[in-house]
Novice: 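What follows is a structure written as structure tokens; I'll ask about it next.
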Amino acid sequence: MESGSLDWNSEERAGATVLAPTGRVDETTADAFKDHLLDAMGKGPAIAVIDLGGVEYMSSRGLRALTLAQRAGQGSDTTIVLARPNETMREILAISRYDMVFRVADTIEDAIGH
């Protein structure tokens with residue numbers, strides 16, 4: 001997947017909304033990433049799982065989008081869980097300490113709680 005490309009899928013699974021971006025969340029795709037997240041939070045799911053399995057990289061603007069989504073989700077009591085981060089994403093989450101802000105699950109099933 002080339003830089004500047006981000007695909008997006010979402011589905012309902014066991015009462016949770018699973019959001020699955022694929023590609024890089026960088027300067028050229030961060031706004032679209034943020035818009036997708038905020039749109040999903042506006043629907044007020046109880047649990048929103050962000051499946052990071054297909055995310056190769058996330059810039060600081062992508063991390064900011066996660067923060068904005070979390071704030072938006074608080075208004076509707078939405079819990080955001082990050083799932084399936086690869087090693088690069090685990091490192092980014094650890095360095096930014098986002099792994100202390102969000103629950104990080106190894107699988108989507110674990111994120112949902114099943």
Side-chain angles (χ1 to χ4, degrees):
M1 182 132 322
E2 64 193 52
S3 178
S5 179
L6 184 69
D7 292 323
W8 194 271
N9 292 305
S10 65
E11 66 175 312
E12 298 299 315
R13 190 184 303 181
T17 298
V18 179
L19 308 166
T22 303
R24 294 175 57 89
V25 182
D26 56 24
E27 305 314 304
T28 59
T29 61
D31 285 338
F33 180 69
K34 175 188 61 125
D35 291 345
H36 281 290
L37 291 178
L38 293 178
D39 182 56
M41 294 309 106
K43 296 175 181 161
I47 299 173
V49 177
I50 302 173
D51 180 1
L52 298 175
V55 176
E56 302 162 11
Y57 169 80
M58 185 176 291
S59 71
S60 60
R61 288 186 62 201
L63 294 172
R64 183 172 187 281
L66 290 175
T67 300
L68 294 173
Q70 184 182 44
R71 287 182 189 156
Q74 287 172 343
S76 59
D77 291 328
T78 298
T79 299
I80 296 175
V81 182
L82 307 180
R84 299 186 336 119
N86 62 29
E87 287 305 312
T88 300
M89 282 305 304
R90 281 189 189 280
E91 187 174 336
I92 290 168
L93 294 172
I95 290 169
S96 65
R97 299 186 62 88
Y98 273 60
D99 60 351
M100 306 298 255
V101 175
F102 293 93
R103 186 162 74 86
V104 180
D106 290 332
T107 67
I108 292 172
E109 291 75 18
D110 181 42
I112 294 170
H114 291 95

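Side chains are part of it too, since the values below use all heavy atoms of this structure and drop only hydrogens, waters and symmetry mates.
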Novice: Using every non-hydrogen atom in the two residues, find where F102 and T67 come nearest and quote the distance to one decimal.
Specialist: CZ-N, 4.5 Å
Novice: Please round to the nearest 0.5 Å and tell me the distance separating atom CD1 of I47 and atom CG of D77.
Specialist: 12.0 Å
Novice: Given 3.5 Å as the limit, does a donor-acceptor pair link the side chain of N86 with the main chain of V55, or not?
Specialist: yes
Novice: Is there a side-chain contact between R24 and L6 in this structure, where contact means two heavy atoms from C-beta onward sitting under 4.5 Å apart?
Specialist: no
Novice: Looking only at heavy atoms, what is the nearest atom pair of R64 and Y98, with distance?
Specialist: N-OH, 4.2 Å
Novice: Enter the distance from L93:CG to L63:CG here, rounded to the nearest 0.5 Å.
Specialist: 7.0 Å
Novice: Work out which heavy atom in P85 is nearest to a heavy atom in A105; give both atom names and the distance.
Specialist: CD-O, 3.8 Å
Novice: Which pair of heavy atoms, one from A48 and one from M41, lies closest together, and at what distance?
Specialist: CB-CE, 3.4 Å
Novice: Hey, are the side chains of M89 and L82 touching, using non-hydrogen atoms and a 4.5 Å cut-off?
Specialist: no
Novice: Does any part of the side chain of L66, heavy atoms only, come nearer than 4.5 Å to the side chain of F33, both counted from C-beta?
Specialist: yes
Novice: Keeping the roles fixed (side chain from T78, backbone from P45), state whether a donor-acceptor pair exists under 3.5 Å.
Specialist: yes
Novice: Using side-chain heavy atoms (C-beta onward) and a distance below 4.5 Å, is R13 in contact with E109?
Specialist: yes
Novice: Could you report the tightest heavy-atom contact between V81 and A111, atom names first, then the distance?
Specialist: CG1-CB, 3.6 Å
Novice: Which heavy atom of A16 sits nearest to which heavy atom of I112, and what is that distance?
Specialist: CB-CG1, 3.9 Å
Novice: R61 and side-chain contact (heavy atoms from CB on, under 4.5 Å): which single residue from T28, D31, D26, T29 fits?
Specialist: D31
Novice: When rounded to the nearest 0.5 angstrom, what is the spacing between CD in Q74 and CD1 in I80?
Specialist: 8.5 Å
Novice: Indicate yes or no: at least one non-hydrogen side-chain atom of V49 is less than 4.5 angstrom from one of R84.
Specialist: no
Novice: Do NZ/NE/NH1/NH2 and the carboxylate oxygens of D106 and R90 come within less than 4.0 Å?
Specialist: yes
Novice: Is the closest side-chain heavy-atom distance between I50 and H36 below 4.5 Å?
Specialist: no
Novice: Clusters formed by hydrophobic residues whose side-chain heavy atoms approach within less than 4.5 Å: which one holds L68, and what are its other members?
Specialist: L38
Novice: Around E12, counting heavy atoms of other residues, nucleotides and ligands shown, do more than 12 lie under 6.0 Å from its CD?
Specialist: yes
